[in-house]
Amino acid sequence: MSELQKENTYDESQIQVLEGLEAVRKRPGMYIGSTSVKGLDHLIYEIVDNAIDEALAGFCHNISVVIDRGNIVTVTDDGRGIPPGLHPKMGISTIEVVYTILHAGGKFGGNGYKVSGGLHGVGASVVNALSEWLEVRVFDSRSGREYCQRYTRGKPEHPVKDIGPTDRSGTTVTFKPDAEIFETIEFEYDSVLKRLREQAFLCAGVRITYTDNRPDEPVTEEFFYEGGIRSFVEFVNESRRAEPLHDVIYVSRREESCFAEIALQYTDSYNELILSFANNIHTTEGGTHEQGFKTALTSAINDYARKYKILKDSDANMSGEDVREGLCAVINVRLSEPEFEGQTKTKLGNSEMRGVVSSLVTDKLSEFFEENPSVVRVILDKAMTAQRAREAARKARDLTRRKSGLESASLPGKLADCSEKDPELTEIYIVEGDSAGGSAKDGRERRFQAILPLWGKMLNVEKARVDKIYGNQKLTPIITALGTGIGADFDISKLRYGKVIIMADADVDGSHIRTLLLTFFYRFMYPLVEQGHVYLAMPPLFKLSRGKQIRYAYTEDQRELYSRELSGDGGAKVDIQRYKGLGEMDPEQLWETTMDPRRRTIKKVTLDDAVEADRTFSILMGDDVDPRRDFIEQNAKYVENLDI
């Protein structure tokens, strides 16, 4: 058999069997999403989630998370502790089973946990597998003794040790992430802080302490919210500078196998924000519990309006979008057998939760409305105003379509479209200014790149309803070109371009244009951002040349580096041109630096935290000057590192 034949042989010997935790180390992304800082932070969440499960079971009241120098993490809880005895099936300590065997834990049956976020049972063992070393100390409330075991890259260094008697109760886990696995082992303080605060809101009465010992001056935060998700709603509305129209409404219901609670409050904002959780896991894609809430809320408000003749017989019902304008709501459900879609657990699939949440809202909210007519009147006024605005938007949209002829055949006059029709292959550059637009049109690859020039600053949509968008001469061309519609009419399947790239000057005005466009996309085309279709172009700041040698620099540091490289040992003169705007580049330069897929740099706009994104847009684009000034002052230190 030739060497080539041997290489192409596919037989029994080609089937690999990975033992123990080798599979996790081989394919870490399957278990924690990625090996970036996001996946790194996930290690902390997995251990904290185990402590949260103890809290949900009623046995844990205090959780501590400490990050020490060297990015060594210690998570401590005062729960019951892992049972230390021999596992009846495995013949080794249950502590070792939990930390070295996948899909082992107290969440797959039995009565250890009625509800749990650890559906897949991989948390502790995965963290162990992806750590350079990990040590677990169990303070067993049943036997009154302390036990310990240490691991290196998932493998025990020794059997579980009986350290001696203790009057403590709970578990302490200390670990150091493996630099062989992760791109960085530097935990992000703010990301972890947001997650821990969120967990404290969802577990009323549980105290979570977070300490970062890495800075010269260590930082400690403590989270304790007796108000639970009521406090969560108040915190979110305060953060996003939304003025409440009434006190927080709270309803809950406990059944044999599940629990559901909802806190909601209407504000003067035009934007809704619904945060849903199942067993303390943030279901960012919603699911049955969120569907049940939305349907029942719409029915309850319309039924009340019909009952008391606020809506006449001839009036149309208010839509879901109408009744949710300005709403902030937190939906939190707990159930014994959650069904999540995918390993990332971002969407709840349990069909029974739709009925549980729907009946809760229908019964309890209708009862609240009857007892608080002044509050429901405020809500109805808000919803009916939104309904009138929606109708005005429909008329404006229809008028716009009539003016432009057939919708499918009419595209903005300034749009230079591409010949390719497959959205998977196309991209549109939204370009600041006619001059830059002209260069982009001449320099582009016409087959798959479309160009839409904009002129002047557009409408700030942060405080605008949808009826103000249609007919706006700056925004209508964007809506028409993308083809998706906006707001409730948005349909991602009609998107004409897979990449929507904002290309603006690298100056203050360009930054303002980018922010205005991002605010528009976030508020009125949210799925466009959520599904990763929006990008920022990265034009260079400088052109450096010496003879026929040319370099483009995107930062001040690059300019210094290229200047030294081109000047050489002899200190030859290097010509440096500072681009004040995209219009200063000819088509060839714009293509070479900013549009050629083989050489350009573009940044995808992502949303890791919906609450933080909502808050930031409200601060930057809202009417209140002081919070905006504070935000700029707090973030000024990052300016020198910005590439946009």
Side-chain angles (χ1 to χ4, degrees), residues 20-21 24-25 31-32 40-55 57 59-60 62-68 70-87 90-108 112-113 116-118 120-178 181 185 187 192 208-209 211:
L21 299 177
V24 182
R25 294 184 61 82
Y31 298 90
I32 58 169
L40 179 75
D41 292 342
H42 197 83
L43 298 186
I44 295 179
Y45 307 155
E46 286 289 354
I47 300 300
V48 170
D49 283 351
N50 288 337
I52 292 294
D53 288 339
E54 278 289 280
F59 297 101
C60 172
N62 297 280
I63 300 170
S64 167
V65 178
V66 179
I67 305 178
D68 287 309
N71 289 285
I72 296 170
V73 178
T74 300
V75 179
T76 302
D77 68 65
D78 60 357
R80 292 167 292 183
I82 303 166
L86 292 181
H87 190 275
M90 306 304 296
I92 57 176
S93 170
T94 304
I95 296 172
E96 185 173 331
V97 171
V98 168
Y99 279 87
T100 61
I101 298 177
L102 284 175
H103 306 295
K107 304 159 190 177
F108 291 99
Y113 295 97
S116 165
H120 298 280
V122 300
S125 57
V126 165
V127 175
N128 192 16
L130 301 179
S131 296
E132 182 180 324
W133 58 265
L134 181 146
E135 182 178 277
V136 56
R137 306 183 77 86
V138 173
F139 306 93
D140 182 36
S141 61
R142 293 158 289 261
S143 64
R145 302 190 69 81
E146 176 184 349
Y147 299 87
C148 175
Q149 190 170 37
R150 185 180 171 94
Y151 315 85
T152 300
R153 294 188 167 92
K155 297 181 179 179
E157 293 182 5
H158 54 76
V160 172
K161 294 179 180 178
D162 184 339
I163 304 300
T166 181
D167 57 1
R168 291 179 56 186
S169 175
T171 305
T172 295
V173 180
T174 303
F175 66 92
K176 181 177 182 178
D178 194 344
I181 298 290
I185 60 167
F187 290 98
V192 176
I208 300 180
T209 306
T211 301

Carefully, step by step, assess Glu132 and Ile185 under the rule side chain to side chain contact (heavy atoms under 4.5 Å, CB included).
CA-CA 11 Å; Glu132 182 180 324; Ile185 60 167; over 6 Å; no
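- Within the 4.5 Å cutoff, side-chain heavy atoms of Leu102 are placed close to those of Val126.
- A donor-acceptor pair under 3.5 Å links the side-chain atoms of Glu54 to the main chain of Arg80, judged by distance alone.
- Between Phe175 and Asn128, every side-chain heavy-atom pair lies at or beyond the 4.5 Å cut-off.
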Residues Thr174, Trp133; criterion side chain to side chain contact (heavy atoms under 4.5 Å, CB included); working and verdict
CA-CA 8 Å; Thr174 303; Trp133 58 265; 3.7 Å; yes
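- The nearest pair of heavy atoms linking Phe139 to Arg168 is CZ-NH1, 3.2 Å.
- Taking NE2 of His87 as the start and CD1 of Ile101 as the end, the distance is 8.0 Å to the nearest 0.5 Å.
- At a threshold of 4.5 Å between non-hydrogen side-chain atoms, the residues Ile181 and Pro177 do not count as touching.
- Using a 4.5 Å heavy-atom cutoff, the side chains of Val75 and Asn50 are not in contact.
- Here the side chains of Leu43 and Val73 are not in contact, with every heavy-atom distance at 4.5 Å or above.
- Residue Ile63 comes nearest to Cys60 through the heavy atom pair CG1-SG, 3.7 Å, listed as atom of the first residue, atom of the second, then distance.
- If you check the side chains of Glu157 and Thr152, you find a donor sitting under 3.5 Å from an acceptor.
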Evaluate the criterion side chain to side chain contact (heavy atoms under 4.5 Å, CB included) for residue pair Gln149 and Glu96; output intermediate values, then yes/no.
CA-CA 8 Å; Gln149 190 170 37; Glu96 185 173 331; 3.0 Å; yes
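- Rounding to the nearest 0.5 Å places NZ of Lys161 at 13.5 Å from OG of Ser93.
- In this structure, the side chain of Arg145 does not engage the main chain of Asp140 through any donor-acceptor pair within 3.5 Å.
- In this structure, the separation between CG on Leu40 and CD1 on Ile32 is 7.5 Å, given to the nearest 0.5 Å.
- Side-chain N or O atoms of Asn71 include one that pairs as donor or acceptor with a backbone N or O of Phe187 at under 3.5 Å.
- In this structure, Tyr151 and Tyr99 have parallel ring planes: the angle between them is below the 30° cut-off, well short of the 60° mark.
- The line from CD1 of Ile92 to CG of Leu86 is 9.0 Å long, rounded to the nearest 0.5 Å.
- Of all heavy-atom pairs between Thr100 and Pro156, the closest is CG2-CG, 4.1 Å.
- Side-chain contact between Leu21 and Ser125 is present, with heavy atoms from C-beta onward closer than 4.5 Å.
- Ser169 contributes atom OG, which lies 12.0 Å from atom CD of Glu146 (distance to the nearest 0.5 angstrom).
- A donor-acceptor pair is defined here as one N or O able to donate and one able to accept, closer than 3.5 Å; such a pair exists between the side chain of Asp78 and the backbone of Asn62.
- Counting only distance, with no hydrogens or angles, the side chain of Thr76 and the backbone of Thr172 share no donor-acceptor pair below 3.5 Å.
- Note that the CD atom of Glu135 and the NZ atom of Lys176 stand 14.5 Å from one another [nearest 0.5 Å].
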Walk me through it: do Asp77 and Thr171 pass the test side chain to side chain contact (heavy atoms under 4.5 Å, CB included)?
CA-CA 6 Å; Asp77 68 65; Thr171 305; 3.9 Å; yes
